[in-house]
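Written below as structure tokens is the structure these notes are about.
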Amino acid sequence: MAERRRKAAELGTAGVRPWGVDFTPDHSCLEAAELAPAVPGEAGPQVRVAGRLLRLRPSGGIAFADCFDATGRLQLMARMDGPAPRLVELLSGLDLGDIVGATGAMGRTARGEPTLDLQELTLLAKALRPPAGKHSGVVDQELRYRRRYLDLLSTPQHQVAFRQRSAILRALRQVLDGSGFLEVETPILQPIPGGGEARPFITHHNALGTDFYLRIALELHLKRLLVGGLERVYEMGRVFRNEGLSPRHNPEFTLLEAYAAYADRSTMMALSEQLVGAAAEAARAIGPVPDSTATLTPPFRRSSMSDLVGAVLGTDPLALWDRPEELAEAGRRRGASIPERAPVGELFFALYEQLVEPNLRDPVFVTDYPVEVSPLARRGPDPRFCERFELVVEGRELANAFSELNDPLEQRRRLEDQARRRERGNLEVPPFDEDFVEAIEYGMPPAGGIGLGVDRLVMLVLGAANIRDVLLFPTLRPE
RNA sequence: GCCGCCAUGGCGCAGUGGUAGCGCAGGGGCCUUUUAAGCCCAGGGUCGCAGGUUCGAAUCCUGCUGGCGGCACCA
């Protein structure tokens with residue numbers, strides 16, 4: 001790097017500014033290459049291109065360089081018997097990683113390579129550090145994540161997944177915008193975190209002299225907007241959970257939640273099919289997706305949780321509802337570990353999570369969740385269960401949706417029950433949120449709501465095994 | 001939080017008890033059609049950190065740090 005600093009200084013004294021020069025290309029590298037004449041030796045059109053030099057091949061009286069931009073590669077050539085002989089020395093003296101603007105006529109070399117015959121060469125940015133991984137690409141995982149730019153630079157294929165992610169986000173918004181949903185933004189700093197079960201991050205506001213929590217979900221504020229008369233709202237944003245890291249967990253991740261007044265669970269089922277289908281299609285339009293993505297084509301089958309659990313246990317869990325010890329025993333025989341002193345709904349749900357969910361491969365709507373594990377969902381015809389579903393794919397929950405509970409009296413009771421669990425030491429249960437219940441007391445229209453894990457969706461569509469492969473800058477321990 | 005694996009010049013790697021090497025990158029030189037360009041020369045590492053075993057440690061042992069993978073929890 002010291003050598004490159006010296007070079008930059010030398011260029012400065014020679015009247016070449018190593019940085020801060022403007023240059024407007026009129027062609028991309030790909031476009032320029034396509035303008036090359038078919039026959040070697042012929043002169044094609046004039047072009048201006050800009051990009052980064054990632055290979056240099058000086059060869060005495062002639063010099064070649066490969067210039068890369070977002071569209072691809074273009075060979076540059078300077079020669080002593082060409083239009084600008086002095087550029088041979090200039091080009092030969094540049095370093096890998098330097099960013100240049102180039103002007104000249106497109107031609108084709110004897111070997112058939114589309115090549116820009118340089119007339120002008122402008123240094124736009126001197127690279128003080130060399131690009132890593134010229135041959136191998138950057139393969140060290142830590143380096144890839146900590147210095148993502150080196151990964152993207154050395155292995156341009158890795159850019160594709162992020163272009164696909166962008167297309168998926170756009171597709172999700174298009175579906176919702178097209179269905180009359182209003183995109184909104186709600187607070188990330190919250191006095192009480194709610195809408196899910198997770199340990200929150202805590203931060204402090206100096207002027208107010210009070211602690212705030214980073215949100216763990218979007219639900220409670222979006223429902224306040226339903227009360228306010230914004231009948232269809234959604235938010236796609238970052239939420240934060242103070243939990244462990246894993247190939248499928250990042251402490252901050254992107255959640256999409258949408259709420260529609262005068263709609264219910266079945267509306268949300270149709271919407272989630274639309275969202276997932278659109279996401280898969282959008283990714284496919286940008287780049288390769290694995291064959292398994294084909295299974296993400298709607299419609300998806302649906303099955304009630306009690307049917308699924310019953311199929312594994314070989315006995316109807318509903319018939320054992322009043323005899324939880326027998327239900328627990330049936331689960332134990334299948335190898336499930338049973339939560340102690342848990343209400344029957346929680347016990348039943350534990351059996352589902354352990355014995356059923358991990359084995360669900362194709363997309364399936366699992367319907368009818370126990371009331372005990374669904375504090376914000378409305379009861380169904382069978383009061384033991386809520387009108388709720390989760391879309392499960394490859395053993396993982398992709399979306400969670402329900403007919404929203406809009407009875408303020410019952411909502412208050414359920415959140416008070418939760419608060420008692422918190423007092424018993426479960427820090428993942430949110431504290432009681434009086435402000436939210438008060439909002440519901442003003443009258444919330446019946447509504448359907450859905451939450452969708454966007455990173456999980458991207459992973460699934462792209463076949464990524466690690467969430468870090470779909471996050472540009474995954475959370476790592478500070479260096 | 002627990003368990004396992006990994007850590008060697010800027011990047012990619014070799015070296016499993018005898019005092020550290022290769023390719024690329026960087027420096028100097030040669031070369032007028034190269035495309036992972038080639039050839040010649042010189043340089044660069046207290047082998048993640050700290051202890052220990054040994055006549056001798058990159059190599060064996062312990063601890064720590066960081067990464068990856070798995071489990072637990074969740075999306």
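Just so it is clear: chains get the letters A, B, ... in the order the sequence lines come, proteins before strands, and each one is counted from 1.
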Backbone of A/Leu355 reached by a side-chain donor or acceptor of A/Asn359 within 3.5 Å:
yes

Heavy atoms only, 4.0 Å cut-off, all strands: where does A/Gly453 land among base, sugar-phosphate and nothing?
nothing

Could you tell me the separation between the CZ atom of A/Arg144 and the P atom of B/rG69, rounded to a whole number of Å?
10 Å

A/Asp95 has its side chain closest, among B/rG27, B/rC73, B/rU35, to B/rG27

Going by distance alone, is a donor N or O of one side chain under 3.5 Å from an acceptor N or O of the other, for A/Thr186 and A/Glu235?
yes

Are A/Phe473 and A/Tyr149, when compared by the centres of their aromatic rings, separated by less than 6.0 Å?
no

Could you tell me whether the side chains of A/Tyr369 and A/Glu387 share a donor-acceptor contact shorter than 3.5 Å?
no

Most 5' of A/Tyr145 and A/Arg396 on RNA chain B, judged by nearest nucleotide:
A/Tyr145

Mind checking who B/rG18 pairs with, Watson-Crick or G-U wobble, both distances under 3.5 Å?
B/rC55

Which listed nucleotide (B/rC11, B/rG69, B/rU33) is nearest to the side chain of A/Arg79?
B/rU33

Rounding to a whole Å, what distance do you find between A/Leu245:CG and B/rC2:C1'?
15 Å

Among B/rG67, B/rA37, B/rC71, which is the nearest nucleotide to the side chain of A/Gln141?
B/rG67

Where each residue is assigned the nucleotide of RNA chain B containing its nearest heavy atom, which of A/Glu113 and A/Val138 is assigned the position nearer the 5′ end?
A/Val138

When we call it a touch if two heavy atoms are under 4.0 Å apart, what does A/Leu96 touch: a base, just sugar-phosphate, or nothing?
sugar-phosphate

Check whether the side chains of A/Arg170 and A/Gln174 place a donor and an acceptor atom closer than 3.5 Å, and report yes or no.
no

Scanning all shown strands, the Watson-Crick or wobble mate of B/rA42 with both distances under 3.5 Å is none

Select base, sugar-phosphate, or nothing to describe what A/Asn250 touches, counting heavy atoms under 4.0 Å on all strands.
base

Does NZ or CZ of A/Arg232 fall inside the cone over A/Phe181's six-membered ring, less than 6.0 Å from its centre and within 45° of the axis?
yes

Now, which nucleotide makes the Watson-Crick or G-U wobble pair with B/rG66, with each of the two distances under 3.5 Å?
B/rC6

I want to check one thing: is the phosphate of B/rA25, taken as OP1 and OP2, less than 4.0 Å away from some side-chain N or O of A/Arg55?
no

Taking only N and O in the side chain of A/Lys134, is any of them less than 4.0 Å away from OP1 or OP2 of B/rA37?
yes

Regarding A/Asp140, tell me which of base, sugar-phosphate or nothing describes its non-hydrogen contacts under 4.0 Å with the strands shown.
sugar-phosphate

Regarding the side chain of A/Ile62, the nearest nucleotide among B/rC74, B/rU35, B/rU32 is B/rU32

Provide, to the nearest angstrom, the distance between the CG atom belonging to A/Asn242 and the P atom belonging to B/rG1.
12 Å

I need the CD1-P distance between A/Ile467 and B/rC73, as an integer number of Å.
18 Å

If I pick the P atom on B/rG1 and the same atom on B/rG17, what distance separates them, to the nearest angstrom?
36 Å

Of all the nucleotides listed (B/rU35, B/rG70, B/rA25), which has the minimum atom distance to the side chain of A/Gln75?
B/rU35

